[in-house]
Structures are given as structure tokens and as C-alpha cells.
Amino acid sequence: MIKAVTGAKDILPNDIPKWYFIEELIRNFFSNYNYKEIRTPIFEETAVFSRAIGEETDIVSKEMYTFVDRSETSITLKPEMTAAVVRAYIEHSLGNLQSLNKLFYISPMFRQERPQAGRLRQFHQFGAEAIGGLSPLLDAEIIIIAYSIIQKLGLKEFVLKINSLGIPESREKYKVILGDYLKNHFDELSEESKKRFHKNILRIFDSKSPEDQEILKNAPYLINHLDENSIEHFNIVKTILDNNKIPYEVDPALVRGLDYYTHTTFEIVSGSVGSQSALCGGGRYDNLIEQLGGKPTPGVGFAAGIERLILAMENEAVPFNEPSPLDVFFVLLDKDKYLLIPKFANLLRNVGLKVEHDYLQRSIKAQMREANREKTKFVVFVGGDEFTRNLFTVKNMSDGVQTEIPIEDSLSSLITMIKGN
RNA sequence: GUGAGCGUAGCUCAGUUGGUUAGAGCACCAGGUUGUGGCCCUGGGGGUCGUGGGUUCAAUUCCCAUCGCUCACCCCA
């Protein structure tokens, strides 16, 4: 049997209401905060991601879907959105249209990792990028939006972690300090961390190995080696979160695996989705736009994984909106009158009602069963003796009460019945 | 990329210590007297028992390989 590619999943009709529920909530939220939607292509020139995210990161070095197309261009399916948004921002000079662009997106992403609970090769993220402002108001707003959406979805088991990476200058100084400390413990580090020691020393903080964690306990933390401005920036972010009653933990070991972050970084971690627990992550990236060839422009953003949110909601038994029931189901009593059905059904559909009927010449019993399965409010019987008297029989499915209505008046009668129900 | 577990109907699973037409529940379809649902009853369709090879008179059941799925490592949304 031919199947979907590993790590790529069909979203079947039964699950669609969950997606609508989340997507609607997201769009409303971003609308309230005046973020404008942006849609970028599903693929980009590979350099967009390799330059933005960092050549040494796992995403770039081993997880991207990269191929050479027929014109010999290296193409990559987008593994994350920030780099793509920044590319579009620069290409279309969005910064010239207004000094601050508040953007959001909902989009599929692609990373070739081994699938597991909460991890797919094609997955979906929504997120936001506020490009053009240095203010900690924006860092806080981004965090508040991410937190509030997750809260509004009905989730309870999650924690917000924040940290500051400061500016590159203080980070470089700190790396030397961290290096001096770790040098004395180098032999005790895990193999992976030994590699990181040379490639990207900060990422050693991501290690889950107990030996590494033991060593890191007494390590100097970046947050204690920030410059004055970075400290001030971080303090304001925290104050705004406090004022908005957003609970958080400062996690000095929160580093994150993308190279472009400066100042604030944050993550929202779920306690109900298994080992892939990050629901959401983001932070400030003040050097990225320049790095990709734009004018020096600060930015801050986040991304959240929709599949993980759905998983968390299922595991926490959070209710989703039910699909709306049918207003009317036409049951055909006399098979030879089937041509009448579309005419009446479409009249109702054109005034905004949800209407269904049988297409398979099924028995009355079968038609009724389907009407019941679809949680129909009213069944209209077409045919029979009442038809010769110019009447329809209408049955209210919740109480079983039947009434006869004149055919020529059926539209308004039905609307009245449905509205009153 | 590494490791572990699992692959029998659309779904959840039984079962065969190798042997005649492979089962249940749910779902689906058709009936249960003369035009009507949700409960109940009867019947029906649907499986090359993941795939390929081997052992055997005989394999879905044993062996090997392979593919896939799941979870974990890793990384991250």
C-alpha cells in the first residue's frame, strides 16, 4: 500500500475541528494585538536558513530538506519561519512602509528528524515577528501573546522560562570565562559536550547528561555577566510580565539552538506531552536582519508548534469546539421525486443554513440514521400524500414533534423554526 | 544517526504449543410487514494475519531479511 512519507501526517476530517479551533483563536488574538499576517513560500534558497540559523546548528547541519532544482539552485523547505520573514522584510523594504512591523504567520515547517511523540517531519507552527523596535515592550508583548494563547486554549500544565543572552560583546567575554571554568572539567564532560566546547560552547547548557549537569551547577552563568543595558532591558521585560500577572521562571541555562538570538529568550514547556515538551520558543534577534543583508534592524518573535498544542490539549482533556450540526436534512419518501431535492436544499443553503440530503438512493430508515448521526436539527420529508396537498412534513429531531408546512412558504417557516430552536 | 518495543478487518484487540472456510467489539450496509432516527434483534460486506525469502507434506503461527509504526536518546515547535 502506498503511504504518506515518514513523519508526514494526513489531517483527516475528524481532526479538522481541532485545527479550526486553534487557528481561529490565533487569528483573533493577533488581530486584537494588531499583528498582520504574512505568508511566505514553502521553500527558500538554502542560504536564507543557513546564514540566519547558523551553519553549526543541528537544524542546518543535519535536519533540513535541501535539494538542487533543475536550474542548479539549492532549495530548502523551510525549517523555521523567522529567517523567511526577515528575507521578505528586507526584499520588500517593509521597514520603509512603517518603522515597526508586527507580523504573524501560520505555516507548515519541515525538518528531517526521527519522528516521535510531538515531533513530525512536516509540522505546523504559528508565530509572530515584531521587526523594527528595540523596546522591551515588544519582548514582553511577544511573550504575553504566546503565553496568553496557550492559556486561552485551556492548557494548564505549562511553564514559561525566560533568560537573557545579552549582546554579542558581553557574550564573547563570558564565553572565555565559561571556557576557563569548563577547561578544568573537560575530561568529565560528555562526548557531545566536548564537541560543543569548541563549536558552540553555550549549547553545553542544553545537555541532559547528569555528569554535564553536575559540572554546570557551579559554572558561571551568562546572566551574571551581562552589560548594564542588557540587565536594564531584561529587568523591564520582567517588570511588564509581573504587571500582567504572567508567571515565569528565570532559567539561566536556557540557551536555545538557533544562533541569532540576543537579549531575551524564552520557552514555554508543557508537562503533558512527553519528552518533546517545548510548546513554544522565541526571543530577540537584533543582529539577524543586518546579517541577512538588510539595514541594522532589531526584531523579536516566537514560534509555537500546533501539533504539540493539540497533543497537550488531548492529554489534558481540554474540550475542542464540536463541528456545527446540520440545520436541515431532506429525507426523500418517494424515490422518483429525487430531482426536487437540490432545488429546496439549495434555497436553504443560499440563506446560510447547513443542509444535507441523501445521494445514494438509500432507504428512509438509512436517511434518518444519517440525519441522526449528523446531529440534524430538523428533517424535512419530501413526497408522500402531504406533497400532493402541497405540504412538507418537518420533524424536530430533538423532541420528535412533527408539523406540516406549506411548500411555497417552507423557506420562511423553516427559518423561523430553526431560529427559534 | 543510535537504541528498545510492536506490526492480524476502517478502529481497538483476541487467536492458532504449524493443520480443514482466521474471530470479537465498535464502525459501515441491509432488514425487523404496509412512509421516519437515537435503544434492541437478525443478517451482510470487508483481511493475500506488514512485505520478501527459508524450514516443512503444510506457516498467519518457527527462522532470516526487509519495510513500516511507536517511544526514547539527540534536537527542538
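Each chain gets a letter, A, B and so on, in the order its sequence line appears, and its residues count up from 1. Since the structure is predicted, the reported quantities are computational estimates derived from the model, not experimental observations.
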### Message
Using atom P in both nucleotides, what's the gap between B/C74 and B/G10 to the nearest angstrom?
### Response
38 Å

### Message
Rounding to an integer number of Å, can you tell me how far A/E267 CD sits from B/A77 C1'?
### Response
9 Å

### Message
With rounding to the closest Å, how many angstrom separate the C1' atoms on B/G47 and B/G53?
### Response
22 Å

### Task
In whole angstrom, give me the gap between the C1' atoms of B/G54 and B/A14.
29 Å

### Query
Is A/E113 paired with A/R121 through a side-chain N to carboxylate O contact shorter than 4.0 Å?
no

### Message
With hydrogens left out and only the distance checked, is there a donor-acceptor pair under 3.5 Å joining A/K365's side chain and the base of B/G35?
### Response
no

### Query
Nearest-Å distance, CD (A/Q122) to C1' (B/C76)?
17 Å

### Query
Atom CG of A/D358 and atom P of B/C28: how far apart are they, to the nearest Å?
15 Å

### Summary
Under the rule of Watson-Crick or G-U wobble with both distances under 3.5 Å, where | means paired to another strand and [ ] a crossing pair, RNA chain B maps to (((((((..((((.....[...)))).(((((.......))))).....(((((..]....))))))))))))....

### Query
Can you check the A/Q116 CD to B/A72 P distance for me, whole Å?
5 Å

#### Entry: Rounded C1' spacing from B/G18 to B/A59 in Å
6 Å

### Message
Set out, in order, the CA-CA distance, both residues' side-chain angles and the distance that settles side chain to side chain contact (heavy atoms under 4.5 Å, CB included) for A/K9 and A/L120, then state yes or no.
### Response
CA-CA 8 Å; A/K9 275 220 161 52; A/L120 297 168; 4.0 Å; yes

### Task
Check every atom of B/A77, B/A72, B/C74 against the side chain of A/A117 and return the nucleotide holding the closest atom.
B/A72

### Task
Take atom C1' in B/A4 and the same atom in B/C39, then report the distance between them in whole Å.
46 Å

### Query
Any ion pair linking A/R389 and A/E386 (charged N to carboxylate O, less than 4.0 Å)?
no

### Query
With the threshold set at 4.0 Å, does a side-chain nitrogen-carboxylate oxygen contact exist between A/R87 and A/E44?
yes

### Query
Think A/R121 has a side-chain N or O under 4.0 angstrom from the OP1 or OP2 of B/C76?
no

### Task
Report the nucleotide, chosen from B/U36, B/A30, B/C74, that has the shortest atom-to-atom distance to any side-chain atom of A/M368.
B/U36

### Query
Of the nucleotides B/C73, B/C76, B/C74, which has the atom closest to the A/S275 side chain?
B/C73

### Task
Calculate the interatomic distance between A/N372 atom CG and B/C39 atom P; express it in whole Å.
8 Å

#### Entry: Same-atom distance (P) from B/A9 to B/A24, integer angstrom
14 Å

### Task
Look at A/R284 together with A/D139 and state whether they make a salt bridge at an N to O cut-off of under 4.0 Å.
yes

#### Entry: Rounded distance in Å - CD (A/Q402) to C1' (B/U36)
7 Å

### Query
Which is true for A/R373 with a 4.0 Å heavy-atom rule: it touches a base, it touches only sugar-phosphate, or it touches nothing?
sugar-phosphate

### Task
Determine the contact category for A/I306: base if any of its heavy atoms lies under 4.0 Å from a base atom, sugar-phosphate if only primed atoms, P, OP1 or OP2 are that close, otherwise nothing.
nothing

### Message
Once hydrogens and angles are ignored, does a donor-acceptor distance under 3.5 Å link the base of B/C71 to the side chain of A/R119?
### Response
no

### Task
Quote, to the nearest angstrom, the C1' distance that separates B/U48 from B/U8.
12 Å

### Query
Looking at A/F378 versus A/F329, is the centre-to-centre ring distance below 6.0 Å?
no

### Task
Rounded to whole angstrom, note down the P distance from B/G15 over to B/A72.
28 Å

### Query
For the side chain of A/R308 and the base of B/C76, is some donor closer than 3.5 Å to an acceptor across the two?
yes

### Task
Would you mind telling me which residue lines up with the more 5' stretch of RNA chain B, A/K9 or A/T376, judged by nearest nucleotide?
A/T376

### Message
With a 4.0 Å cut-off on N to O distance, would you call A/E24 and A/R27 a salt bridge?
### Response
no

### Message
If I take atom CZ in residue A/R114 and atom P in nucleotide B/A77, what distance separates them, rounded to the nearest angstrom?
### Response
21 Å

### Task
List the steps and the verdict of side chain to side chain contact (heavy atoms under 4.5 Å, CB included) for A/V159 and A/I268.
CA-CA 6 Å; A/V159 182; A/I268 296 176; over 6 Å; no

### Query
Below 4.0 angstrom, N of the basic side chain to O of the carboxylate: do A/E37 and A/R39 qualify?
yes

### Message
If the threshold is 4.0 Å, N to carboxylate O, is there a salt bridge linking A/E56 and A/R203?
### Response
no

### Query
For atom CD of A/E322, is the number of surrounding heavy atoms from other residues, nucleotides or ligands below 6.0 Å larger than 12?
no

### Message
Just to be sure I understand the rule, does A/R362 reach a base, reach only the sugar-phosphate, or reach nothing, if contact means heavy atoms closer than 4.0 Å?
### Response
sugar-phosphate

## Note on the structure
Contact check, residues 377-401 of chain A vs RNA chain B, heavy-atom distance under 4.0 Å, returns A/F381, A/D385, A/E386, A/K395, A/M397, A/G400

### Query
B/A77 P sits how many Å from A/L309 CG, rounded?
13 Å

